[in-house]
Structure formats: C-alpha cells, structure tokens
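Working notes, beginning with the structure itself.
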Number of protein chains: 2
Amino acid sequence: MSLKTLQDLYKEELKDIYSAENQLIKALPNVAKGSTDPKLQKAIRDHLGQTEQHAKRIEDIFKDLEGKPAGKHCKAMEGLLEEGAEVLKEDGADEVRDAALIGAAQRVEHYEMAAYGTARAHAELLGYSEHAKILQMTLDEEEAANDKLTEIAESSVNQHAQMVVAE
Amino acid sequence: MSLKTLQDLYKEELKDIYSAENQLIKALPNVAKGSTDPKLQKAIRDHLGQTEQHAKRIEDIFKDLEGKPAGKHCKAMEGLLEEGAEVLKEDGADEVRDAALIGAAQRVEHYEMAAYGTARAHAELLGYSEHAKILQMTLDEEEAANDKLTEIAESSVNQHAQMVVAE
C-alpha cells in the first residue's frame with residue numbers, strides 16, 4: 001500500500017472494495033442455504049446477483065486507472081464473514097438463526113456503505129465524475145438492500161424469533 | 001454461542017458489542033497519535049471518552065441479565081482495526097494518511113451503527129425498554145461521530161490530501 005497521494009489512496013480503496021465484494025460472492029450462497037425464511041432467502045439470492053455486478057463495476061472503473069483491482073485482501077470483510085459463518089455453525093432455532101443472519105448481513109451492508117461513500121467522495125475530488133456516479137449507484141443499492149433486510153426483520157423474522165421458547 | 005431463543009441472541013449481540021468497544025478503546029490512542037489534522041485528532045480523542053462510556057453502558061445493561069458481557073471476541077472489529085493499523089504503518093503523506101484514517105474510522109462507526117440498531121430492535125421485542133433507550137442513545141452518538149468525521153473530511157482533510165503532489 002502506498003499513500004503518497006489521494007490517487008494512491010483511491011486505488012487502495014477500490015482494491016479493498018473489490019476484495020470485499022469477491023469474498024461476499026463466495027459467502028452468500030452458504031448464507032442463503034443456511035437461512036430458512038423464504039423472503040430472507042430470496043433477498044440474499046437477489047443480493048448475490050447485485051454483488052456480482054458491483055464487483056464488475058469496480059473492474060470497469062479500474063480500466064480507467066493503471067493496474068488491476070486485484071492484490072489486496074479486505075480483512076474487515078473477512079472478519080464480518082467469519083461472524084456470519086459462526087452463526088451458521090451454531091445449534092439453535094431456525095427462526096433465531098435467521099434473525100442473527102440479518103444482523104450479520106446488515107453489518108456487511110453498513111461496511112459497504114461506508115466504503116463506497118468514502119470512495120465516491122475521493123473520486124469526485126480527483127475529477128473522476130463518471131466513477132463517482134457508478135460508485136453512488138452501488139451505494140444506493142447497498143442502502144436499499146439494508147432497508148430490505150430491516151423490512152424482512154420487522155415484518156416476519158423478528159416476530160418468529162420472538163415466539164421461540166427454550167425447550 | 002447458543003441461539004435457542006431471541007434472548008440468547010440478544011446476549012450474544014451485547015457481548016459482541018462489548019468486545020468491539022473494548023478493542024476500540026485500546027486502538028484509538030494510536031489512531032489519535034498517528035493522525036495529524038488537529039480537528040481529526042480532537043474528534044478521535046473525544047470519541048475515545050464516548051467509547052469508554054459505551055462499554056460501561058453495556059456493563060450496566062448486563063446487570064439486568066444473567067452472566068457477564070465478557071467471553072466473546074468480535075472478529076469483525078478485529079479486521080476493521082487491522083485495516084486502520086495498516087494505514088498507520090504505511091509510508092506516505094500525512095494528509096493522505098489522515099484521509100485514509102477517516103475512511104477506516106467511518107467503517108468502524110458504520111459497523112457499530114448496524115450492531116446497535118439490531119440490538120436495540122431485539123431489546124424492544126424482548127420488552128427491555130430501558131435497554132432499548134440506552135442502546136438508542138449510543139446509536140445516536142455513533143451517528144453523530146460519523147457525521148463529525150464527514151464534516152472534518154469535507155472541510156479540511158480531503159482538500160489537504162488532494163493538494164499533495166507525488167515527489
């Protein structure tokens with residue numbers, strides 16, 4: 001990592017996001033399989049398709065810049081996904097696990113919102129107005145995905161989890 | 001970790017937050033030392049004081065519940081803080097490092113917003129209205145800390161980083 005200029009930082013941020021999105025692409029099929037609420041499963045599967053597009057957009061942005069978006073490993077996303085994987089491994093009630101998975105997924109969405117918000121601000125400062133538009137598009141989709149998870153939690157998953165009584 | 005009931009999940013979430021806050025308390029002094037913009041340094045030092053209070057509030061909440069908030073290690077916060085530590089280690093321009101530290105700090109704030117939002121929702125469902133109020137208070141402070149970082153980025157740090165020209 002080199003941080004001599006804002007351009008250096010911007011490229012590092014895009015590489016970090018690219019690693020995060022690719023880790024998420026690998027993890028989401030297991031999360032979908034491990035969840036039981038049909039609306040939640042659908043939301044996760046839909047978000048996998050979006051995530052593939054988000055990674056592709058970073059590749060497109062990098063065509064304007066020197067080098068490739070590869071070569072960085074996002075440790076924050078690794079930690080976030082480990083927490084989700086722990087939920088999947090645990091014994092417990094399906095309804096409670098669904099509620100836990102929504103919590104883990106919303107942490108991931110919030111991470112991405114912060115990452116895209118910063119990268120978009122830096123793209124604007126560097127005069128990459130087309131990049132800024134693309135990054136804002138993804139940011140809007142991450143926010144919408146987070147709102148959808150809140151809606152699913154409030155409309156069904158949380159109530160079902162609440163009704164589970166310990167054996 | 002046991003996920004048999006929503007109560008189990010709620011306690012796990014509080015333990016995760018407690019670990020996250022305590023990791024942050026250890027990391028923030030180094031982040032303050034590694035930053036150079038005076039407003040940024042002040043914001044980080046102020047947030048350290050708040051973070052100590054946030055951890056204390058989780059201890060207070062746990063007095064209502066069985067057991068102690070200890071015993072869990074938040075891997076997501078570990079990953080988030082490793083990314084911040086990488087920024088501190090890098091050669092580069094002070095102004096660019098400040099911009100990178102704001103990015104890392106905003107990822108941390110977003111993680112905490114997601115964590116407190118979920119825990120507050122679960123506290124409400126479980127009838128812990130006093131806990132919900134306390135968790136909301138912290139959530140409001142994390143949001144305010146994030147807004148403050150955006151203001152510092154927009155009013156000084158980003159412009160200074162933008163003016164750095166590679167040698």
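Every chain is numbered from 1 and lettered A, B, ... according to where its sequence line falls, protein lines coming before strand lines.
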Legend entry - Contact leader toward chain A among B/V96, B/L6, B/D16, B/D8, where contacts are heavy-atom pairs under 4.5 Å: B/V96
Legend entry - A/V165/B/T5 under side chain to side chain contact (heavy atoms under 4.5 Å, CB included): CA gap, chis, key distance, verdict: CA-CA 6 Å; A/V165 176; B/T5 65; over 6 Å; no
Legend entry - Within residues 36-60 of chain A, residues adjacent to chain B where the heavy-atom gap is under 4.5 Å: none
Legend entry - chain B contacts, top residue of A/V164, A/L125, A/L80, A/I102 (heavy-atom pairs, under 4.5 Å): A/L125
Inset, instruction - Just give me the residue among A/M77, A/H122, A/R97 that pairs up with chain B most often, heavy atom to heavy atom, under 4.5 Å. - result: A/H122
Legend entry - Atom group of B/Q162 that falls short of 4.5 Å from chain A, counting heavy atoms: both
Legend entry - Set of side chain to side chain donor-acceptor pair (under 3.5 Å) partners for B/H131, sequence neighbours left out: B/Y10, B/D64
Inset, instruction - Could you please state which residues from residues 110-118 of chain A sit under 4.5 angstrom from chain B, measuring non-hydrogen atom to non-hydrogen atom, sorted by number, or 'none'? - result: A/H110, A/Y111, A/M113, A/A114, A/A115, A/T118
Legend entry - Between A/K89, A/R107, A/Q106, A/Q7, the one whose heavy-atom pairs under 4.5 Å with chain B are most numerous: A/R107
Legend entry - Interface residues of residues 142-161 of chain B facing chain A - heavy atom cut-off under 4.5 Å: B/N158, B/A161
Legend entry - A/K75 with B/E86: basic N within carboxylate O range, under 4.0 Å: yes
Legend entry - Among A/C74, A/G103, A/A121, residue most engaged with chain B (heavy-atom pairs, under 4.5 Å): A/C74
